[in-house]
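Any value given below was found using the heavy atoms of this structure, including those in side chains, with hydrogens, waters and symmetry copies removed.
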Amino acid sequence: MVSLSMLAHKGIMDLHTHGIGNYDTRTKNPEDILKIASLHGRAGTSAILPTVYSGAVRQMRENMEAVRRAMQAQGVKGSRGQGVKRGEKKILNLTQPSTFNLQPSSLILGVHLEGPFLNPTKCGALNKGSFIKPSISSLKKLIDGYEDIIKIITIAPELPGALKVIKKCASMGIRVNMGHSDATYKQALDGKKAGARSISHIFNAMRQFHHREPGLAGFGLLDEEIYIEVIADGIHLSPDVLRFIFKIKPHDRILLVSDSIKGAKDKKGAIYTKNGVLAGSSISLADAVRNLKNLGIPEAEALKSAVKTPKKYLTA
């Protein structure tokens, strides 16, 4: 049995979570973000990137402001330089037995923007009416003043203008994930060449894998440098697909994420919209590690995907 204290002791980092319990990132209130951090901390997660849903630019900026204020409340300054370095040092310490101190709350590392430069044909449970065409001017309106706390942004690389936006984000030190995308294999490769380094929740909200066009999912599996997010709830990806991924993908490129949403930990398995669309998971990363161990994946490898690999992705 994997104990909660051991999981927290290892410094688990969740780079894609929208919410948990009765709280999510669709908020202006930093207390809601702090509640999310607290609930994840109790579930064994040491650090999180609150993930902002695609929405109107004004709304996404309000959500980012709530995250920034929550970070300030935790004592993590929202600025590149000393404040961020202190936060990163704190995470590094969480993985060291000599400095481990079980915290009641996950450390908020910054923010992950899931949108708004996404493909409406692969919206999933996101509001496709909020998606906009990628452009440098739209990017500036979205991130101006928040560049210091934005760690990841998910973009569909096949959209006209997307490659320029990906290149700009990469030049600023913002990690770019490809997702909510109908990209072909070649378009995914173009996204990587422009600076994208990972794929959000592989197989979900993207072109289906086909033996004549493997698409974004096939690219994520075959390219040895690209990172992939994996939701190990047994529903977003079947147990057999989870085994398949861990069999063929280098383990130091697998990022376990919860993609948890409001209602998580109150329900079992995944969470669906009223229309039956898969909206997110109800697991924590501690649950994900346990699920993988039950599938026969070595515990050390499962933990690597929740501890070392996300830290490497954010800091390399």
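- Between Asp223 and Lys192 a salt bridge is recorded (basic side-chain N to carboxylate O distance below 4.0 Å).
- In this structure a side-chain-to-backbone donor-acceptor pair under 3.5 Å is missing from Asp259 to Thr17.
- Residues Glu158 and Ser181 bring a donor and an acceptor atom of their side chains to less than 3.5 Å of each other.
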Ser258 vs Ser284, side-chain hydrogen bond (donor to acceptor under 3.5 Å, both in side chains): CA-CA, chis, key distance, verdict: CA-CA 6 Å; Ser258 69; Ser284 67; over 6 Å; no

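- Using a 4.5 Å cut-off between side-chain heavy atoms of Ile, Leu, Val, Met, Phe, Trp and Tyr, with links allowed through other members, Ile245 and Met178 fall into the same hydrophobic cluster.
- Residues Phe219 and Pro214 form no side-chain contact, since every pair of their non-hydrogen atoms from C-beta on lies 4.5 Å or further apart.
- Put simply, the side chain of Glu147 gets close to the backbone of Gly145: a donor and an acceptor are under 3.5 Å apart.
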Does Thr121 form a side-chain hydrogen bond (donor to acceptor under 3.5 Å, both in side chains) with Asn119? I'd like the steps, not just the answer. CA-CA 5 Å; Thr121 68; Asn119 193 322; 2.8 Å; yes

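- Closest approach of Ile33 and Ile108 over heavy atoms only: CG2-CD1, 3.8 Å.
- Using a 4.5 Å heavy-atom threshold, the side chains of Ile226 and Arg253 count as separate.
- Annotation: the span from Ile231 atom CD1 to Phe203 atom CZ amounts to 12.5 Å, rounded to 0.5 Å.
- Atom CG in Asn177 sits 5.0 Å away from atom CD in Glu229 (nearest 0.5 Å).
- Counting heavy atoms from C-beta outward, Leu49 and Asp14 have side chains that stay 4.5 Å or more apart.
- Listed for the Asp32 side chain is no donor-acceptor partner under 3.5 Å among the backbone atoms of Tyr23.
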Hey, mind stepping through Asp252 and Lys312 against salt bridge (charged side-chain N to carboxylate O under 4.0 Å, His left out) and telling me if it holds? CA-CA 9 Å; Asp252 66 349; Lys312 180 179 178 181; 3.6 Å; yes

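- Of the inter-residue distances, the one linking Ser135 atom OG with Leu142 atom CG reads 10.5 Å to the nearest 0.5 angstrom.
- Closest of all the heavy-atom pairs between Met64 and Ile149 is O-CD1, 3.7 Å.
- For the pair Thr45 (side chain) and Ala47 (backbone), a donor-acceptor distance under 3.5 Å is absent.
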For a side chain to side chain contact (heavy atoms under 4.5 Å, CB included) check, start with the C-alpha distance between Glu213 and Arg207, then their side-chain angles and the critical distance, and finish with the verdict. CA-CA 9 Å; Glu213 175 45 73; Arg207 177 187 288 256; 3.8 Å; yes

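- Taking the side chain as every heavy atom from C-beta outward, Arg68 and Glu65 approach each other to under 4.5 Å.
- Across every non-hydrogen atom of Gly179 and Ser200, the tightest pair is CA-CB, 4.5 Å.
- Judged by distance alone, with hydrogens and angles left aside, the side-chain atoms of Thr25 form a donor-acceptor pair with the main-chain N or O of Thr51 at under 3.5 Å.
- With a 6.0 Å cutoff to the six-membered ring centre and a 45° limit on the axis angle, Arg61 does not count as a cation-pi contact of Tyr146.
- Under the 3.5 Å distance criterion, the side-chain polar atoms of Arg175 are matched with a main-chain donor or acceptor of Tyr313.
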Please assess Leu292 against Phe246 for the test side chain to side chain contact (heavy atoms under 4.5 Å, CB included), listing each intermediate value before the final yes or no. CA-CA 10 Å; Leu292 291 174; Phe246 272 83; 3.7 Å; yes

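- Using a distance-only test at 3.5 Å, with no hydrogens or angles considered, no donor-acceptor pair links the side chain of Ser54 to the main chain of Gly115.
- Annotation for Ile271 and Ser281: closest pair CD1-O, 3.9 Å, computed over non-hydrogen atoms.
- Counting all heavy atoms, side chain and backbone alike, Pro239 lies closest to Leu295 at CB-CD2, 3.6 Å.
- Side-chain contact between Val289 and Leu303 is present, with at least one heavy-atom pair separated by less than 4.5 Å.
- Lys247 contributes atom NZ, which lies 14.5 Å from atom CG of Leu242 (distance to the nearest 0.5 angstrom).
- Residues Lys122 and Met206 are not in side-chain contact: their nearest non-hydrogen atoms beyond the backbone lie 4.5 Å or more apart.
- Distance check: His180 NE2 to Ile155 CD1 gives 13.0 Å after rounding to the nearest 0.5 Å.
- At least one side-chain heavy atom of Ile36 sits under 4.5 Å from a side-chain heavy atom of His40.
- Using a 4.5 Å heavy-atom cutoff, the side chains of Leu221 and Ile248 are in contact.
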Could you walk me through whether Leu237 and Asn204 satisfy the side chain to side chain contact (heavy atoms under 4.5 Å, CB included) test, starting with their C-alpha distance in whole Å, then the side-chain angles of each, then the deciding distance to 0.1 Å, before giving a yes or no? CA-CA 8 Å; Leu237 300 169; Asn204 289 276; 4.1 Å; yes

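- The environment of NZ in Lys35 is sparse: at most 12 heavy-atom neighbours from other residues, nucleotides or ligands sit within 6.0 Å.
- Counting heavy atoms of neighbouring residues, nucleotides and ligands inside a 6.0 Å radius, atom NZ of Lys168 does not exceed 12 of them.
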If you apply the rule side chain to side chain contact (heavy atoms under 4.5 Å, CB included), what do you find for Lys186 with Asp190, and how did you get there? CA-CA 6 Å; Lys186 181 183 182 304; Asp190 289 341; 3.1 Å; yes

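- For an aromatic pair to be called close, the ring centres must be under 6.0 Å apart, and His201 with His16 satisfies this.
- Proximity of a side-chain donor or acceptor of Ser260 to a complementary backbone N or O of Gly19 within less than 3.5 Å is detected.
- Nearest heavy atom pair, residue Gly11 against residue Ser46, reads CA-OG, 3.4 Å.
- Under a 3.5 Å cut-off, the side chain of Gln187 and the backbone N or O of Leu159 do not form any donor-acceptor pair.
- Between the side chains of His112 and Thr154, a donor-acceptor pair is found at a separation under 3.5 Å.
- Rounding to the nearest 0.5 Å places OG of Ser106 at 9.5 Å from CD1 of Ile12.
- Checked by atom type and distance alone, the side chain of Asn63 pairs as donor or acceptor with a backbone atom of Thr27 at under 3.5 Å.
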